[in-house]
Structure formats: C-alpha cells, structure tokens
Amino acid sequence: MLKIYNTLSREKEVFTPKVEGKVGMYVCGMTVYDYCHIGHARVMVVFDIVARYLRYSGYDLTYVRNVTDIDDKIIQRANENKEEISELTERFIDAMHEDERELSVLPPDIEPRATKSMDDIILMITALFEKGLAYTGSNGDVFYAVDKFANYGALSGKKLDELQAGERVDVNLAKKNPFDFVLWKKSKVDEPYWNSPWGRGRPGWHIECSAMATRCLGHHFDIHGGGMDLQFPHHENEIAQSEGATGEKFVNVWMHNGFVRINEEKMSKSLGNFFTVREVLKQYRAEIVRFFVLSSHYRSPLNYSDEQLDDAGSAVTRLYTALRGVVVATDVQATDYTLRFKQAMDDDFNTAVAVAVLFDMARELNKIKNNDVELAAQLAAELKELSSVLGILQDDPDEFLKTADGTQDSGLAEQAIEALIAQRIAAKKNKDWALADKIRDDLKAQGIVLEDVATGTSWRYE
RNA sequence: GGCUACUUAGCAAAACGGUUAUGCAGUGGAUUGCAAAUCCAUCUACGGCGGUUCGACUCCGCCAGUAGCCUCCA
C-alpha cells in the first residue's frame, strides 16, 4: 500500500488514484536559459524514481514534465548573448536531454513547451476573465485577483494578510493587491509576443503550467511535483488559476523535493553557488551522482560535497563488486528482500531504506556466490531488478569497475593492464614476490587496484 | 514579523514506543606469500530541559541551533 506525503495535508496519505490503475503525474521542469545544475538533477532523478516505482507497482502512468521556454530571464539571456530566443532555448533543451540521458533519467511521456501551448494559455486566461478572477491592470498587464480565490494560500500555509508585501520586491502599483500575479504580460518594443484578446504579449510565469497540466492530464489529476521552492508562489498560483478556471479540484497529491545544499546553504542560480550537471559529471560518473541523490530521502536536504560523492562511489563499487563474476538468472523470483524493498518504497519512496536492502542482498551474494551458483544467480537477478527501479546497477559489473572517472584515468590501455597482470601472475608462480608486489604497487599508483579472487586476478579503478 | 521543516554515532543517512538499520571510516579475527576484495565480530548515537508511559531517539510542551518560504529559483 503506497503512501505519499502530500504537501497539501502535510501528512503521508494512502495513495488512491482517481481512476483505478491509472496515474497522471505532472512535474515542473526547467526554465531553459542555462545548463541544469545539481538541484535540477535531483528533481529529474527523484521523479524518475517515482515514475519507475509507480510503473513497477503496476500503475499505468502518464508522466508529464514541462519545459518553460519563454520568460523574462530567457529574453534577457538571449539579449546578452545576442542570440535568438529559440536558438538559446533549443540549445539548453538539448543540453538538458543530454544530462538526463547521462543520469539514466527516463524521458517523460509528454514534454510540453510553453511556446507551443499559447492557445491553451489564452483559453485559460479567458476563462479566468469570465469568472471575474482576472483583470487588466493600469499598465496593460493582465493580473489574477488573489483575494477572489477563497482557498488562496492553502498549499503553502500562507494567509494573505500575513504575507509581507514588498519585502523583497517593490510593490507593482498596477496591481489591485500586491499579491496579484501576472497572467499575461504586455510586450515592450523588441520583445517577443503572441497575439491575444489583451493585446500583444507573453504569458506570466505560472499560467503555462496550469494550461499544460490540464491539457495533458485533464482538469483534475493525481500527482503534481516539483522543487520545494515552487510551493509558493508557483504552485499556489497554479491551483488558483486551474481551479479558478475549471471550477474543479486540480491536484490530489502535491509532492515537493528538498534542496541540494552547499555548505548548508541552498544551491541556487541566484546565489551562484551551483555546480552544473556536466561539471560534476567530469569528476564523477553519472551512476554515482544518481546514487548520491537517492541515498537520502527526497524531502530531506542533500548536502553536496566531494566527500559525499566519494562515499557514494565506494557504495556503488561495493554493489557492483558483489555482482562481479555472478551469472544472473533470467527469471526473477521475489523473496523477502523484494518485500522489504517494496515496503520501503511504499513508505513515501524511502530510497535510503530501499538501498539498505540492496546492501543486505550484496552481503548475502558475497557469501554464497562461490558455493551456490544457482542461488547466487537468482539473488543477483532479484538484486538487479530491484536496482532497476532505482535506475542503478544495470551495467556490466566489470564494465563499471574497469571504467575510470574523470579524475583517475591512468591512460593505460586495458591490454597493457592485462599484460602487467600476466607478468605478475608469472612472478607469483616463481615466488618472485618483490616483482609481483612492484607491479601491483605501480598499478596502484595509477589508481588501479588488483584483487586476487578465486578465479584469478581482477582489477578495477580505485 | 508570519509560516514550514530539520537537529541521530568520526562522516553520511533511515526506521521504530521495548528487539542488528545501512554505507564509508576505525578496531579485532578469518582468508591471503603479503595485500586487496570478501566474511565474522566490535567501538563511537539519538541538540537541551521537562511531561505522558511500566518503558521514549520515537508521542507532547518549552528552549536552543540550523535551513527554507513570505511574487528570481528545482
């Protein structure tokens, strides 16, 4: 029985989809004016695992993750780069897809874009006008009148009269209420625009998600996710727009993942303390980054440091080492491990506990792999299947262990390493321990570790 | 100022009202020519003060600290 923490109720709830056996999930994706950083990677990986687990549990899932490809920052960045907006956004969408593939994030079923959803956006704003929830401000922008929506603040636990207007941003005098937000922004000269009943302009930040989500999944659907920082105002505003326009409940379960931090501080573009995915992947292999993300619960903060990533590397190495040299059975038989794994994942996607189950399996595998080949093959198959739900451990163990990451490539070809190992074996036969140890030490100095196992000598990068 | 979380051993990270988390590191042992890998054993915990309870890391209250949100942000 799957339980999910719902931000709306602030408790774990038993998950019951709207339509039995089917799930619609929408996740707020990227605004594409720069490379993805590790915080974005966390969103991608976390909801990828949610999607994988829902499917593993037998649900027919439709997973939608949008791309916001028009907004003020995009316009600004394109101007700075003296680049066409579409050129800029295409470039970063491609980069995002590359990062995603690297991290073994399966693509969402639908990836709608704001610029390709203008009809839906305009229709929704029109509906909001009809319901008396939208108005045109003195500057020509169209705003949402938050005090007309009774439930405003329900998701983020905020009350309009307790919010501090103008705390960080000057109050826009064109609005009736400082917390009203833009639905349609009138375009200035030289700015891109779409035609609308309210003149040439572009959508405000929040409306595109409401429009795309309801178009792809219907007015009312099961799960909506995103980073913690989107809770307010983005998701709050999405609810106001969608429910205001359709008159129906928008989303049953709201999921928010915690931040990636650096030195106990949120990683963010505005603080400038972020690492891009591609920077990190130069140093650490993608699977290690992925393991790092799922080693803690998705709602907890995740502190980024080299030490943490190194630990993740050791952990993944241990799992692959357990699988090394084991034939994997073709059919999977679920044992108590699968049960424990499911219990962990059913408890609000507790990947930390799920991973602990994998380590218990690895320990048993290490114990039996040299004396019960058949049982080992079955256990390995089960381990690989459960790991696949987390999107890890799908490579050939030798492939993983013999691949250097960015910092440790010795430049030695595999054949050269194998030749040295052969020399060492010959030296060992002659009991020339000095030579044997020298070969081993020399390789070690280049980051290559030799391991004399039952079947011969294995090697791996440290 | 309002609101929301969090605080676990050397580091990271979970669960649970009474029973081993797990990974890395440490210590002892097995194994090894010596190592490595592996296995076995083992040391370091639950921010502080109260309360509820036969019993609390786990529930409640207060205090302290940390982080986040209060129209840039995943």
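- If you take atom P in B:rG28 and the same atom in B:rC43, they sit 15 Å apart, rounded to whole Å.
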For residues 356-364 of chain A, tabulate all N or O donor-acceptor pairs below 3.5 Å that involve a side-chain atom, not counting sequence neighbours.
from: A:D360; atom 1: OD2; to: A:R340; atom 2: NH1; distance (Å): 3.4
from: A:D360; atom 1: OD2; to: A:R340; atom 2: NH2; distance (Å): 2.7
from: A:E364; atom 1: OE1; to: A:Y337; atom 2: OH; distance (Å): 2.4

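- Of the candidates B:rG33, B:rC69, B:rA74, the closest approach to any side-chain atom of A:R424 belongs to B:rG33.
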### Summary
For RNA chain B, the expected dot-bracket line (Watson-Crick or G-U under 3.5 Å, [ ] crossing, | inter-strand) is (((((((..(((.....[...))).(((((.......)))))....(((((..]....))))))))))))....
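- Scored by the ring-ring contact (aromatic ring centres under 6.0 Å, His included) test, A:F149 finds no partners at all (sequence neighbours excluded).
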Expected rows: protein N/O vs nucleotides 38-42 of chain B N/O, under 3.5 Å:
from: B:rU38; atom 1: OP1; to: A:R318; atom 2: NH1; distance (Å): 3.3
from: B:rU38; atom 1: O3'; to: A:N366; atom 2: ND2; distance (Å): 3.0
from: B:rC39; atom 1: OP1; to: A:R318; atom 2: NH2; distance (Å): 3.2
from: B:rC39; atom 1: OP1; to: A:N366; atom 2: ND2; distance (Å): 3.2
from: B:rC39; atom 1: OP2; to: A:R318; atom 2: NH1; distance (Å): 3.4
from: B:rC40; atom 1: OP1; to: A:K367; atom 2: NZ; distance (Å): 2.8
from: B:rC40; atom 1: OP2; to: A:R363; atom 2: NE; distance (Å): 3.4

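- In this structure, of B:rG33, B:rC24, B:rC72, it is B:rC72 that holds the atom nearest to the side chain of A:W205.
- Taking A:E307 as the reference, nothing meets the salt bridge (charged side-chain N to carboxylate O under 4.0 Å, His left out) condition, with sequence neighbours excluded.
- The list of salt bridge (Lys or Arg N to Asp or Glu O under 4.0 Å) pairs with a residue in residues 226-244 of chain A, not counting sequence neighbours, reads A:D229-A:K266.
- Counting non-hydrogen atoms under 4.0 angstrom, A:G29 reaches the backbone sugars and phosphates but no base.
- A:D360 comes within contact range of the sugar-phosphate backbone alone, with a heavy-atom separation under 4.0 Å but no base atom that close.
- Of the listed nucleotides (B:rA37, B:rG33, B:rC72), B:rA37 has the atom at the smallest distance from the side chain of A:R460.
- Side chain of A:W433, nearest nucleotide from B:rG33, B:rC72, B:rA36: B:rG33.
- For A:T317, there are no side-chain hydrogen bond (donor to acceptor under 3.5 Å, both in side chains) partners two or more places apart in sequence or in a different chain.
- Partners of A:K367 under the side-chain hydrogen bond (donor to acceptor under 3.5 Å, both in side chains) rule, at least two apart in sequence or in another chain, do not exist in this structure.
- Candidate nucleotides B:rC34, B:rA21, B:rG2 were compared by shortest atom distance to the side chain of A:R440, and B:rC34 ranks first.
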Would you mind writing out the side-chain donor-acceptor pairs for residues 384-392 of chain A within the sub-3.5 Å range, not counting sequence neighbours?
from: A:S387; atom 1: OG; to: A:L383; atom 2: O; distance (Å): 2.7
from: A:S388; atom 1: OG; to: A:E385; atom 2: O; distance (Å): 2.6

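- The salt bridge (Lys or Arg N to Asp or Glu O under 4.0 Å) pairs that include a residue from residues 66-75 of chain A are A:D72-A:K185, A:D72-A:R202, where partners are two or more places apart or lie in different chains.
- Scored by the ring-ring contact (aromatic ring centres under 6.0 Å, His included) test, A:F291 finds no partners at all (sequence neighbours excluded).
- When each of B:rC72, B:rG68, B:rG2 is scored by its nearest atom to the side-chain atoms of A:F259, the top-ranked nucleotide is B:rG68.
- Within the nucleic acid shown, A:M44 has no heavy atom closer than 4.0 Å to any nucleic acid atom.
- Among the protein residues, A:V357 comes within range of no part of the nucleic acid, since none of its heavy atoms lies under 4.0 Å from any strand.
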### Task
Go along nucleotides 9-15 of chain B 5' to 3' and tag each nucleotide: B for a protein heavy atom under 4.0 Å from its base, S when only backbone or sugar atoms are that close, - otherwise.
--BSSSS
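- Within the 4.0 angstrom heavy-atom criterion, no nucleotide atom of any strand lies near A:K369.
- Backbone-only contact: A:K269 has heavy atoms under 4.0 Å from sugar-phosphate atoms and none from a base.
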